[in-house]
Amino acid sequence: MTTNCLGRRGTGVQADAGISGEAASELSRGEVLLKGALAVSAIYGAGAVAPFVSRALAVKKGNDLEILNYLLPFEYLQVSIANRASSEKGDRGEPMPLATREKEFLQMLLKQDGEHVEALKRMIEEMGGKPVKKGGYAFDYRIFREVLEIIATIENASVGAYNGTIVLLSSNEARELVYSMVQTDARHATAALIGRKEEPATVAFDHAVPEQDSMFHVLPYTGVYPKELPQPGGES
Amino acid sequence: MTELTQTRRGFIALAGGSLGGAALLSACGDSSSANAETSEFGSGDEGILNYLLTLEYTMADFYKKLETSNLFSEAERKALGKFGIQEEEHVEALARQLKKIEGKPVAKPQTKFSLDTGPGTLEIAEKLESGMAGAYLGQLPNVEGESLRQKLAEIHTVEGRHSAAIAYIQQKPVTPDGAFAKPLNVDAVMVKFKPFLGSSSGTST
C-alpha cells in the first residue's frame with residue numbers, strides 16, 4: 001500500500017489504497033470501495049471511516065436516500081470548518097484574529113452550507129429516511145490561508161462527489177435541489193481558491209469523482225489523524 | 001478612484017488578492033423559473049444542446065475578442081483567456097454530444113461586442129457568465145439522456161466558477177442567489193445574450 005499524505009495539514013490526500021488498476025478491474029465497485037476504505041482505516045482509524053463508507057457502499061442508481069445521506073457529511077464538513085474558523089481560534093485554541101472581510105466570508109459559508117445541511121436533511125426525512133448524524137471532525141490550521149485551503153479542498157471534493165452521484169438520483173425534486181447546491185459549492189470553492197492566489201477553474205469540466213476518491217480527500221478531517229503525527233489540541 | 005483602477009484591483013484579487021467583503025455577501029438573484037422551451041433550437045436533447053452550444057459559442061467569441069483588446073494587461077488577459085479556452089472546450093464537448101445523438105449542430109452565431117472599457121467589459125462578462133450558469137441549471141432537469149446530463153453537469157459547475165470569479169473581481173457577491181443557485185429559463189438567458197448576438201443565431205448548418 002502506498003499512501004501519500006500531503007503534509008500533516010491534511011488538505012489533500014492521494015492514496016493508492018493497495019489496489020492496482022488490474023486488480024481493481026476484477027472487483028466489484030463495492031469491493032473496491034471497501035478495500036480502499038479498510039486501507040485508509042489502517043492509517044486513520046476505523047472509527048473515522050465507517051460512517052462515510054457505509055453510505056458510499058450503498059450509493060447505487062435510484063437509491064436516493066443513501067445518495068443524499070452520502071452527500072450530507074460533505075455539507076457537515078463545510079459547516080464545521082467555517083464554524084471552527086469563525087471562532088478566531090487555531091486548531092489548538094490559539095488566537096487567530098480575522099479581518100472583517102474574512103469573518104464575512106466564513107459567515108456566508110456558515111449560513112449557506114448550513115442551509116444545504118437543512119435542505120438535505122429535510123429531503124431525506126420527506127422521503128421517509130433518517131439523516132446520517134454529524135460526525136466528529138478535526139482540522140489542522142493556524143492561519144486564515146490554511147483555513148481557505150481546507151475550505152477549497154472540501155468544497156472541491158463536494159463538487160466531485162455531487163457530480164458523481166446526482167445522475168444516479170431518481171427523484172427529480174432531489175436532483176433539482178442538489179444541482180442548485182453544487183453550483184453554490186463550486187462558487188464557494190472559487191472564492192477560497194482566489195483568496196489563496198490559486199486558479200479558480202483549472203479544468204473545463206468538474207468531472208464526476210467516484211465515492212472512494214471523494215472520501216479520500218476529506219478523510220483527514222473526519223476526526224482521526226495519522227498516529228505518528230501530533231493530535232490537534234495535544235502536545236506537539 | 002478611476003474605473004480602470006477598480007478593474008485592476010479586481011484582477012489583483014483574481015490573481016490572489018485579499019477577499020473583498022462586499023463580494024462575499026449574498027444577495028437575491030433572478031427569480032425566473034426554468035422551463036424546457038428550447039424548441040427554437042430543436043426538439044428534446046438536440047434543442048437543449050443547440051441552445052447551450054449557441055451560448056458557449058458566444059462566450060468563446062467574447063473571450064477571444066477580449067484577448068485581442070488592449071483593455072487589460074497581458075497577465076490579466078491571460079487570466080481571462082483561460083476561461084475562453086475552457087469555453088472552447090465546452091463548445092467541442094457539446095458538438096460531440098450532438099454528433100452522438102445524431103443531432104444537427106446550430107450555426108456559430110454572429111456576435112457583436114463593443115469592449116470599450118475594462119469595467120464595462122467585466123460587466124458583460126458577469127452578465128454572460130451568470131447567464132451561462134443559470135442556463136445549464138435551468139436545462140439539466142430537462143435532459144433525457146443520462147450520459148448527456150452527466151456531461152452538462154460537469155460543465156455547469158465550471159460555469160458557476162467562472163461567474164463567481166468574475167463577480168469576485170468586481171467585488172460583487174460570489175453567490176448572488178444565496179445558498180441555492182437559481183435556474184434561468186430560456187427567455188431570461190436570452191435577455192442577457194441577445195444584445196450580443198447577430199441574426200444567425202439558432203440557424204442550423
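As the structure is a computational prediction, the values presented were derived from the model and not from experiment.
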Heavy-atom distance under 4.5 Å to chain B: side chain of A:Val182, backbone, both or neither?
both

So, the part of A:Arg187 with a heavy atom under 4.5 Å from chain B: the answer is both

Sub-3.5 Å donor-acceptor pair from the side chain of B:Tyr63 to the main-chain atoms of B:Asp61, do we have one?
no

When heavy-atom pairs shorter than 4.5 Å are enumerated against chain B, which of A:Val203, A:Asn172, A:Asp113 gives the highest number?
A:Val203

Below 4.5 Å, heavy-atom pairs only: which of B:Arg149, B:Glu89, B:Lys151 has the largest tally toward chain A?
B:Arg149

Pair B:Gln150-B:Glu154, side-chain donor/acceptor within less than 3.5 Å
yes

Counting heavy-atom pairs under 4.5 angstrom with chain B, the leader among A:Leu177, A:Asn156, A:Asp185 is A:Asn156

Tell me, side chain or backbone of B:Ser147 under 4.5 Å from chain A's heavy atoms, or both, or neither?
neither

We want to know whether B:Gln139 and B:Asn142 form a side-chain donor-acceptor pair, criterion being a heavy-atom distance below 3.5 angstrom.
yes

Between A:Phe205 and B:His90, is the ring centroid distance below 6.0 Å?
yes

So, the part of A:Glu199 with a heavy atom under 4.5 Å from chain B: the answer is side chain

Should A:Lys61 and B:Glu146 count as an ion pair when the cut-off is N to O under 4.0 Å?
yes

Is it the side chain or the backbone of A:Asn163 that comes within 4.5 Å of chain B heavy atoms, both, or neither?
both

Looking only at side-chain N and O atoms, does B:Glu123 offer a donor or acceptor that is under 3.5 Å from a partner on B:Gln170?
yes

Between A:Ala99, A:Ala208, A:Ala204, the one whose heavy-atom pairs under 4.5 Å with chain B are most numerous
A:Ala204

Minimum heavy-atom separation for B:Pro109 and B:Tyr57, please, with both atom names.
CD-CB, 3.5 Å

Identify which of A:Glu176, A:Glu115, A:His188 forms the greatest number of heavy-atom pairs closer than 4.5 Å to chain B.
A:Glu115

